[in-house]
Amino acid sequence: MGGNWKSATIKPEGLHSLIGKLRDEAYRVVGPTMRDDAIVYDDIAGLDDLPKGWTDDQEAGRYALARRSDDAYFGYNVGPHSWKQFLFPPVETMWHAQRDEDGAMTCSAPSRPKEKFAFVGVRACEIHAIAIQDRVFREGPFADNAYASRRQDAFIIAVNCGQAGATCFCSSMGTGPRADGGFDLALTELLEGGDHRFLVEIGSEAGAAIMEAVPHAPASSEQVEAAAAIVEETANRMGRSLETDGLKELLQGNLDHPRWNDVADRCLTCGNCTMVCPTCFCTTVEDHSDLENRTAERVRKWDSCFTLDFSYIHGGSVRTTTHSRYRQWMTHKLANWIDQFGTSGCVGCGRCITWCPTGIDLTEEAAAIRAAPSKADAQ
Amino acid sequence: MSQRPRLAVWKFASCDGCQLSLLDCEDELLTLAGAIEIANFPEASSAVADGPYDLSLVEGSITTPHDAERILEVRAQSKYLVTIGACATSGGIQALRNFADVKDFVAAVYASPEYIDTLDTSTPISGHVAVDYELHGCPINKAQLLEVISAFLAGRKPAVPAHSVCIECKQRGNVCVMVQGKPCLGPVTHAGCGAICPAYRRGCYGCFGPMETPNMAALSREWRALGAQPRDIKRALRTFNTWSEPFRRESEAHAD
């Protein structure tokens, strides 16, 4: 902690003017806002849209809003949404095809409105999640141009976490709670002494340029220290932890562990964990044709390794049992991802724990296997 | 003679809601009539042409000896037979009779029960004849119906996923009502409605029947944890798809 803090602060009104400035520059500004008894990510126009004075109580399979004793704007943990729904939309048309009178086919790319996103309130774990999806969609041999274009244009305002949720474990994954890069601006909310301010770090030229237009003040060394202390305190208060030492080998060496059957008893194969995961990137495509067989389109949708269709190949589905599907997801996320992409696929945000309807907790599953590794598998 | 494939729409024990979904396709109806010959659809036209038919859409369940015979004739006249809706696919709400003695109902409802000739059970079409495709829902989703007909015309597989409602709920950006404390059947229910009820902050009612691999016991345990009584679970499963195997068995595991 400490170290690279830039010394500027803004007041809440400064954040309001920052949001306005981004809107003036044709950004679609998305941030935390209250809807459906939750703090979700949606369009925001200013401070009034933020969940001021609210927080969330989370546990495995449970989420509820609660009032805070202060007026913090970012005093909550990550919620049901993630930024992936904007950079990697759940449903996207890939191409259209049209058959003319002579029977000749023409294919065309769908017209996509050019959209520049500004994300307000991106947590450190979420920045790491975006970086992981970048490796999948931008940096592989088959880049996804639509993703790359949205990503390229995105302006990211990070917020360092002032509290950890009961299902958070970013400290274990080395992905937070302090944003260590990958942002244009990073804020730390300071509430002490009735002087509500945000300490601002500048992470890019675009961030520096927009700050020119926002009223700000130099930060005192006390403010810089206070910000560092807040994030340090958050790091010490993680609700969950995951021992990552040797985890890849542990999981890869325990594919027949009885624990997989135990979790299968509780798993609904509903796919919620994969939908809320900010790094899960699997998709399926649906081909549609019209009644006259003159037009067709291919639509890409978020898919889940918990469906039967996901592993359907000639002759049937490969993973028919629940334990094989849960094992596929968890071993990919925590172990095989490392072989595939060089990092874990988990950023410790805890969404899969909170938003599992039966509260299955992958940190608990991993710990159970570690506590009694299968002898048969360990060679 | 028309070269267009010939369509027939049949009604068995049902409310007509699913076949009305076809008439409800107002924007596509003329195109549909151009692409397919609507040969036998009494709900739409009294001009009924004889079979055979290339595609039969069958609504409703089998509840009378007469209908048990009639479905055999429908099958014999149909190249492809697609059931539409919960009644045809799982027996419908009227399958509640299967848990009781139908004679008691008849005696309670009709002044002259001796005129009523009905079966003891309400059963899905697949219990009587081979079915080529089952479209779920109470009622069916008209976009899915058009998808099934378009796929039939193009000779391709319909894009109708059998996974949970949760996946389309999340694709829609809804917040999970179950994690917020409201019992919901979404995790065990077949997708297709677009997660309408959770979008309006209600738990799923299971109108589309069981999803491909429902874990009923795990869902019931979670409902209990949320405060639902065994009777609540039983009642939630005793609706439009109650005679589907997973819903029936789980409903029988809970006391009144």
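Below, chains carry the letters A, B, ... as their sequence lines are ordered, and counting in each starts from 1.
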Decide if atom [atom1] of [X] counts as having more than 12 heavy atoms of other residues, nucleotides or ligands within a radius under 6.0 Å.
X	atom1	value
B/R156	CZ	yes
B/R235	CZ	no
A/D100	CG	yes
A/R112	CZ	yes
B/Y205	OH	no

Taking [X] for its side chain and [Y] for its backbone only, find out whether a donor-acceptor pair lies under 3.5 Å.
X	Y	result
A/D290	B/S150	no
B/E212	A/L308	yes
B/Q171	A/W302	yes
B/H163	A/G271	no

Min side-chain heavy-atom separation [X]-[Y] under 4.5 Å:
X	Y	result
B/C166	A/M275	no
A/R62	B/L226	yes
B/L153	A/N293	no

Using non-hydrogen atoms only, which part of [X] is less than 4.5 Å away from chain B: side chain, backbone, both, or neither?
X	value
A/D287	backbone
A/H81	side chain
A/A264	backbone

Taking only Lys NZ, Arg NE, NH1 and NH2, and the carboxylate oxygens of Asp or Glu, determine whether [X] and [Y] approach each other closer than 4.0 Å.
X	Y	value
B/K182	A/D37	no
B/R4	A/E292	no
B/R201	A/D36	yes

If I take atom CG from residue B/L219 and atom OG1 from residue A/T358, how far apart are they, to the nearest 0.5 angstrom?
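B/L219 CG to A/T358 OG1: 9.0 Å, rounded to 0.5 Å.
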
Hey, could you give me the CG/CG distance between B/L29 and A/L291, rounded to the nearest 0.5 Å?
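With rounding to 0.5 Å, CG (B/L29) is 10.0 Å from CG (A/L291).
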
Work out which heavy atom in [X] is nearest to a heavy atom in [Y]; give both atom names and the distance.
X	Y	answer
B/V179	A/P357	CG2-CA, 4.2 Å
A/C270	B/S164	O-OG, 2.6 Å
A/S304	B/I167	CB-CD1, 3.8 Å
A/A38	B/V175	CB-CG1, 3.8 Å

Tell me which of these, A/V276, A/T354, A/D265, A/T274, has more heavy-atom pairs under 4.5 Å with chain B than the rest.
A/D265

How far apart are the C-alpha atoms of A/R325 and B/T213, what are their side-chain angles, what is the distance that settles it, and do they pass the side chain to side chain contact (heavy atoms under 4.5 Å, CB included) test?
CA-CA 11 Å; A/R325 281 180 257 167; B/T213 53; 3.2 Å; yes

Start with the C-alpha gap between A/R266 and B/E222, add the side-chain angles, then the distance that decides, and say whether side chain to side chain contact (heavy atoms under 4.5 Å, CB included) holds.
CA-CA 9 Å; A/R266 291 170 280 139; B/E222 198 58 33; over 6 Å; no

Quick one: what part of B/Q180 sits under 4.5 Å from any heavy atom of chain A, side chain, backbone, both or neither?
both

Whatever's closer than 4.5 Å to a heavy atom in chain A on B/R172 counts as neither

Face-on cation placement of B/K157 at A/Y312 ring, 6.0 Å and 45° thresholds:
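That pair qualifies as a cation-pi contact.
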
